[in-house]
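Note sheet for the following structure.
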Amino acid sequence: MWNPDILVSRTRHSFFIHQLVGAPTSHLFSDLQKYKEKKTPIYPTDFNRIRTEGEEMPVAASAIYFLNLRGDVLINRLYRDDVGGNMVDAFRMHIMQTKEMGTCPVRQIGGCSFFYMRISNVYIVIVVSSNANVACAFKFVVEAVALFKSYFGGAFDEDAIRNNFVLIYELLDEIMDFGYPQNLSPEILKLYITQEGVRSPFSSKQPLERAVPNATLQVTGAVGWRREGLVYKKNEVFLDIVESVNLLMSSKGSVLRCDVTGKILMKCFLSGMPDLKLGLNDKIGLEKESEMKSRPIKSGKTIELDDVTFHQCVNLTRFNTEKTVSFVPPDGEFELMKYRITEGVNLPFRVLPTIKELGRTRMEVNVKVKSVFGAKIFALGVVVKVPVPKQTAKTSFQVTSGKAKYNASIDSIVWKIRKFPGQTEATMSAEVELISTMVEKKSATRPPIQMEFQVPMFTASGLRVRFLKVWEKSGYNTVEWVRYITRAGSYEIRC
């Protein structure tokens with residue numbers, strides 16, 4: 001089956017798992033609210049159970065049409081009998097001819113809903129007559145176009161459709177069943193739909209991927225993202241934890257808003273079909289491990305994850321029981337998970353601004369930046385942007401580190417420090433001369449000071465990899481590499 005992304009929201013005592021495109025918007029939040037009140041974990045199948053209590057599970061499509069820019073039907077497929085074959089006439093008359101194509105991609109005409117998207121010179125229109133999963137429908141269209149491009153040599157337009165009628169009909173029968181999306185992975189479908197698409201003479205010729213043995217296992221099994229038979233001389237795993245710090249601080253130094261958004265990126269060069277197990281210093285994961293091994297939690301910082309989005313390769317059953325991330329990785333580079341943290345954030349920099357107005361034509365700006373991370377760590381590419389009035393005529397600077405200049409295009413003093421060691425501070429003093437105007441100056445809030453930076457081997461959330469285990473039946477040795485990077489997201493200080 002086609003696997004949507006899974007979102008896990010963390011409450012105080014349990015995780016809630018969302019299927020982003022597995023439930024209609026009208027039901028998603030009400031279902032979550034019911035479960036949050038009961039403080040009961042939601043599993044992926046629970047959404048289907050909730051929907052079937054008194055109503056039918058919403059479909060993604062009853063029919064799909066491919067139209068050119070004139071509104072002519074190039075190809076269509078009816079998946080259910082609750083819509084008529086002439087429904088496209090209503091779409092052509094009420095939407096295409098009224099020039100309302102760019103207003104909203106979802107329209108209701110009569111008793112039917114139309115979801116449409118333009119790709120090149122083709123309109124793809126999905127029609128449903130009952131409660132529908134809109135997000136799933138649009139996700140299906142995007143994945144289907146990517147599948148067609150992989151067969152057509154990278155092109156998807158009116159000519160490609162006209163040249164590949166038979167192949168498109170065969171693919172449409174495989175990727176959707178009675179209105180519900182199925183497997184849309186090009187790697188798997190090419191194992192048993194081996195017909196080559198007619199390529200446009202203008203598209204670059206790309207060789208079809210070589211079929212691999214044991215296609216049945218990949219078609220029916222749960223490992224559609226990885227093919228068998230991979231062999232590497234050196235088995236390596238690269239893991240990067242990349243975080244963005246978002247901060248809004250008041251002029252008095254109090255934190256108004258602060259959170260961290262992060263992602264775990266992996267690059268795997270592993271032979272065979274390995275099973276990986278990743279352990280983090282997440283509070284719930286450590287508590288579950290301590291409970292299973294009947295021993296107290298080791299001392300050290302633990303963090304609380306608010307939201308987690310997993311890649312489809314993650315085994316959610318083991319995550320629910322063991323609270324560890326277990327997966328069979330895709331080959332090459334992929335994003336394993338995303339997360340967000342709102343408590344216990346370690347700010348890498350403190351900024352202390354002082355701005356004084358000396359009459360109507362002069363200003364004095366003093367900015368002190370302190371690095372809070374360890375002394376053995378250093379930040380790269382530090383940029384501090386201090387806004388100044390539009391009528392700035394002349395500026396002069398004194399800095400203890402780096403270089404500063406006035407950028408008139410953004411009305412800011414830009415202070416750049418190439419390398420900023422930890423547990424140190426740097427200051428900038430600037431005198432700003434303004435153009436004298438006869439208009440009375442209005443009191444207005446100044447724009448905030450903005451920062452850009454990158455701190456290697458540091459995480460603002462405190463997230464750490466406790467272990468990364470690789471198991472494969474041949475028992476080969478692996479080399480694991482772990483790297484941490486913290487960057488500035490929206491890092492603003494009011495002045």
Side-chain angles (χ1 to χ4, degrees), residues 4-20 22 28-29 31-33 35-36 38-44 46-47 239-247 255 257-266 276-292 297-327 329 334-348 455 457-469 482-487 489-490:
D5 289 337
I6 304 295
L7 173 67
V8 181
S9 288
R10 185 198 179 285
T11 62
R12 183 176 180 184
H13 298 293
S14 60
F15 281 86
F16 293 92
I17 300 179
H18 307 183
Q19 283 182 289
L20 292 182
L28 178 60
F29 297 105
D31 293 342
L32 288 179
Q33 188 61 36
Y35 273 72
K36 285 182 179 179
K38 296 179 182 179
K39 295 183 178 179
T40 309
I42 292 181
Y43 302 98
D46 286 16
F47 280 107
L239 187 148
D240 289 347
I241 295 183
V242 182
E243 294 189 343
S244 295
V245 188
N246 303 304
L247 170 71
V255 176
R257 184 182 69 245
C258 183
D259 67 89
V260 174
T261 57
K263 55 187 176 181
I264 297 181
L265 305 176
M266 296 193 69
L276 275 66
K277 190 173 182 181
L278 174 66
L280 305 171
N281 60 332
D282 173 59
K283 185 176 181 181
I284 287 189
L286 288 172
E287 289 177 352
K288 186 67 177 179
E289 182 180 339
S290 174
E291 177 184 333
M292 293 177 65
I297 301 175
K298 294 181 180 179
S299 60
K301 181 177 179 180
T302 59
I303 63 172
E304 296 188 7
L305 300 176
D306 292 318
D307 298 301
V308 178
T309 306
F310 286 124
H311 187 273
Q312 62 173 348
C313 68
V314 175
N315 188 327
L316 293 179
T317 303
R318 292 179 66 178
F319 178 79
N320 291 328
T321 55
E322 302 175 15
K323 302 304 178 188
T324 55
V325 183
S326 303
F327 57 99
F334 66 100
E335 184 179 278
L336 178 65
M337 59 183 279
K338 292 181 181 178
Y339 60 90
R340 186 172 65 91
I341 293 172
T342 56
E343 296 180 0
V345 177
N346 302 316
L347 297 177
V455 188
M457 302 313 295
F458 171 81
T459 55
S461 65
L463 185 67
R464 286 288 182 271
V465 175
R466 295 190 294 119
F467 60 83
L468 177 60
K469 300 177 181 179
V482 179
R483 182 173 60 170
Y484 305 94
I485 301 175
T486 294
R487 297 169 178 164
S490 175

S461 versus E243, side-chain donor and acceptor atoms under 3.5 Å
yes
Could you measure the distance from the [atom1] atom of [X] to the [atom2] atom of [Y]? Nearest 0.5 Å is fine.
X    : Y    : atom1 : atom2 : answer
R483 : D240 : CZ    : CG    : 4.0 Å
E343 : L305 : CD    : CG    : 11.5 Å
L278 : K469 : CG    : NZ    : 11.0 Å
N281 : F467 : CG    : CZ    : 11.5 Å

Contact check, side chains of [X] and [Y], non-hydrogen atoms, under 4.5 Å:
X    : Y    : answer
I264 : H311 : no
T317 : N320 : no
V345 : D259 : no

Show the nearest heavy-atom pair for residues [X] and [Y], with the distance to one decimal.
X    : Y    : result
L336 : C313 : CD1-SG, 4.3 Å
N246 : S490 : OD1-N, 3.0 Å
L463 : T459 : O-OG1, 3.3 Å
N346 : F458 : O-CZ, 3.8 Å
P348 : V455 : CB-CG2, 4.5 Å
F310 : L316 : CD1-CD2, 3.8 Å

Is it the case that the side chain of D282 and the backbone of E304 share a donor-acceptor pair, with hydrogens and angles ignored and the cut-off at 3.5 Å?
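No, D282 side chain to E304 backbone: no donor-acceptor pair under 3.5 Å.
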Could you check whether any side-chain N or O of N315 sits under 3.5 Å from a backbone N or O of S326, counting only pairs where one atom can act as donor and the other as acceptor?
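No: the side chain of N315 does not pair with the backbone of S326.
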Partners passing side chain to side chain donor-acceptor pair (under 3.5 Å) against T342 (at least two apart in sequence or in another chain):
D306
Restricting to side chain to side chain donor-acceptor pair (under 3.5 Å), what partner residues turn up for R257, sequence neighbours left out?
none
K338: which residues meet the side chain to side chain contact (heavy atoms under 4.5 Å, CB included) condition with it, sequence neighbours left out?
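Partners of K338 under the side chain to side chain contact (heavy atoms under 4.5 Å, CB included) test: K263, T309, E335.
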Could you check Y484 against V465 for side chain to side chain contact (heavy atoms under 4.5 Å, CB included), going step by step and ending with a plain yes or no?
CA-CA 10 Å; Y484 305 94; V465 175; 3.9 Å; yes
List the steps, then state whether side chain to side chain contact (heavy atoms under 4.5 Å, CB included) holds for V245 with L347.
CA-CA 8 Å; V245 188; L347 297 177; 4.2 Å; yes
Go through F334 and L265 one step at a time and tell me if the side chain to side chain contact (heavy atoms under 4.5 Å, CB included) criterion holds.
CA-CA 6 Å; F334 66 100; L265 305 176; over 6 Å; no
Tested for side chain to side chain contact (heavy atoms under 4.5 Å, CB included) against Y339, the lone hit among I303, L280, I241 is I241
Is the number of heavy atoms from other residues, nucleotides or ligands within 6.0 Å of CZ (R318) greater than 12?
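Atom CZ in R318 is crowded, with more than 12 foreign heavy atoms closer than 6.0 Å.
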Worked verdict on K277 versus V325 for side chain to side chain contact (heavy atoms under 4.5 Å, CB included):
CA-CA 6 Å; K277 190 173 182 181; V325 183; over 6 Å; no
